[in-house]
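To start, the structure under review is shown below, and the notes come after it.
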Amino acid sequence: KGVQIRLTVPKKYGAAGEWDPRDKTIRIHPEVLAKGSKEFAWVLNHEAIHVSQSCKKGSLNANPEVIGLTKSLPPELEFILQKPPYRNTSLRAKSLEWEAFANQSDLDMGPSLVKAYCS
């Protein structure tokens with residue numbers, strides 16, 4: 001779809017990964033690889049959900065919007081939005097993150113959403 005995936009430190013301090021619609025780039029922190037393939041797959045899937053949120057808004061370059069997926073966070077992730085880099089973000093940004101965190105462990109979700117919204 002034209003998205004670049006780079007193993008590099010995200011611009012957002014403290015993030016494991018980030019979607020940058022201006023550059024059409026997913027950045028994944030190299031340290032994620034050391035945490036194993038499952039963690040890497042979750043981070044990549046999380047960012048693919050953000051890519052789909054942009055496509056839902058109209059294009060890869062669009063600022064993401066919530067898709068309307070389930071928002072039930074697993075208990076181990078409920079604290080995540082209270083920590084940097086999310087603690088001081090807008091309600092809109094937290095909603096986008098909440099949706100991605102709630103669905104990142106469904107590894108079919110990201111590719112399915114990209115196919116549905118970014119075609």
Side-chain angles (χ1 to χ4, degrees):
K1 304 296 179 189
V3 174
Q4 294 183 46
I5 300 171
R6 295 196 175 142
L7 290 175
T8 187
V9 176
K11 292 178 181 179
K12 186 184 296 183
Y13 177 77
E18 70 184 356
W19 163 237
D20 185 342
R22 288 165 295 180
D23 294 337
K24 295 190 227 176
T25 300
I26 291 173
R27 294 181 197 89
I28 298 179
H29 201 295
E31 291 178 354
V32 172
L33 289 173
K35 295 179 180 180
S37 56
K38 185 192 270 186
E39 183 73 21
F40 180 81
W42 285 342
V43 172
L44 181 57
N45 196 48
H46 178 108
E47 300 311 326
I49 292 168
H50 287 316
V51 170
S52 302
Q53 290 169 332
S54 285
C55 289
K56 182 176 187 289
K57 184 76 180 251
S59 75
L60 284 173
N61 293 111
N63 285 323
E65 76 175 28
V66 173
I67 293 171
L69 306 173
T70 182
K71 292 199 179 170
S72 178
L73 276 180
E76 67 272 14
L77 292 178
E78 288 182 359
F79 71 96
I80 200 85
L81 295 176
Q82 302 306 316
K83 298 179 77 175
Y86 310 108
R87 182 182 319 150
N88 296 320
T89 59
S90 69
L91 183 56
R92 178 188 166 281
K94 282 185 181 177
S95 294
L96 294 166
E97 290 300 335
W98 190 287
E99 184 172 66
F101 277 117
N103 293 282
Q104 71 183 17
S105 64
D106 179 351
L107 296 179
D108 292 325
M109 181 72 68
S112 296
L113 291 170
V114 167
K115 210 179 260 190
Y117 288 103
C118 301
S119 296

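For the pair N45 (side chain) and G110 (backbone), a donor-acceptor distance under 3.5 Å is present. Checking side-chain atoms of E18 against main-chain N and O of R27 turns up no donor-acceptor pair under 3.5 Å. With hydrogens and angles ignored, the 3.5 Å screen pairs no side-chain donor or acceptor of S54 with any backbone N or O of N61. Looking only at distances, no side-chain donor or acceptor of K12 sits under 3.5 Å from a matching main-chain atom of G17.
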> Checking side chain to side chain contact (heavy atoms under 4.5 Å, CB included) for the pair C118/L60: CA distance, chi angles, key distance, verdict?
Replying inline: CA-CA 7 Å; C118 301; L60 284 173; 4.3 Å; yes

>> Using the rule given for side chain to side chain contact (heavy atoms under 4.5 Å, CB included), can you reason through L113 versus N103, listing the C-alpha separation, both sets of side-chain angles and the distance that settles it, and then say yes or no?
In response: CA-CA 11 Å; L113 291 170; N103 293 282; over 6 Å; no

> Should W19 and V3 be marked as a side chain to side chain contact (heavy atoms under 4.5 Å, CB included) after you check the CA-CA gap, both sets of side-chain angles, and the distance that decides it?
Replying inline: CA-CA 10 Å; W19 163 237; V3 174; 3.8 Å; yes

> What's the verdict on side chain to side chain contact (heavy atoms under 4.5 Å, CB included) for E97 and T89, showing C-alpha distance, side-chain angles and the deciding distance?
Replying inline: CA-CA 10 Å; E97 290 300 335; T89 59; over 6 Å; no

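Applying the ring-ring contact (aromatic ring centres under 6.0 Å, His included) definition to pairs two or more places apart or across chains, those involving residues 71-96 are Y86-F101. Residues in residues 57-77 take part in no ring-ring contact (aromatic ring centres under 6.0 Å, His included) pair, two or more places apart or across chains. Pairs passing the salt bridge (Lys or Arg N to Asp or Glu O under 4.0 Å) check and including a residue from residues 99-119, sequence neighbours excluded, do not occur. Residue pairs satisfying the salt bridge (Lys or Arg N to Asp or Glu O under 4.0 Å) criterion with at least one member in residues 29-41, sequence neighbours excluded, are absent.
By the salt bridge (charged side-chain N to carboxylate O under 4.0 Å, His left out) test, K56 pairs with E65, sequence neighbours left out. Shown here are the ring pair (Phe, Tyr, Trp, His ring centres under 6.0 Å) partners of H50, two or more places apart in sequence or in another chain: H46.
A chain of hydrophobic side-chain contacts below 4.5 Å, direct or via other Ile, Leu, Val, Met, Phe, Trp or Tyr residues, connects F40 to V114. Using a 4.5 Å cut-off between side-chain heavy atoms of Ile, Leu, Val, Met, Phe, Trp and Tyr, with links allowed through other members, I5 and L33 fall into the same hydrophobic cluster. If you chain together hydrophobic residues whose side chains sit under 4.5 Å apart, V9 and L7 never meet in one group.
One distance of note links CG of L91 with CG of L96; it measures 10.0 Å at 0.5 Å rounding. A distance of 9.5 Å separates CD1 of I80 from CG of L73, quoted to the nearest 0.5 Å. Rounded to the nearest 0.5 angstrom, L44 CG and I28 CD1 are separated by 4.5 Å. Put simply, CD on Q53 and CD on E47 are 9.5 Å apart, with the number rounded to the nearest 0.5 Å. In this structure, CH2 in W98 is found 8.5 Å from OG in S72, a value given to the nearest 0.5 Å. Considering NZ of K57 and CD1 of I67, their distance stands at 12.5 Å, rounded to 0.5 Å.
Contact annotation: the side chain of R92 approaches that of P64 to within less than 4.5 Å [non-hydrogen atoms, C-beta and beyond]. Looking at heavy atoms from C-beta onward, K1 lies out of side-chain contact with V51 at the 4.5 angstrom threshold.
Looking at every heavy atom in both residues, A16 comes nearest to V32 through O-CG2, 3.7 Å. A15 and P10 get closest at one heavy-atom pair: O-CG, 3.3 Å. Minimum interatomic distance between L107 and A41 (heavy atoms only, all atoms of both residues): CD2-O, 3.7 Å.
No more than 12 heavy atoms of other residues, nucleotides or ligands lie within 6.0 Å of CZ in R6, so this atom counts as exposed by the packing criterion.
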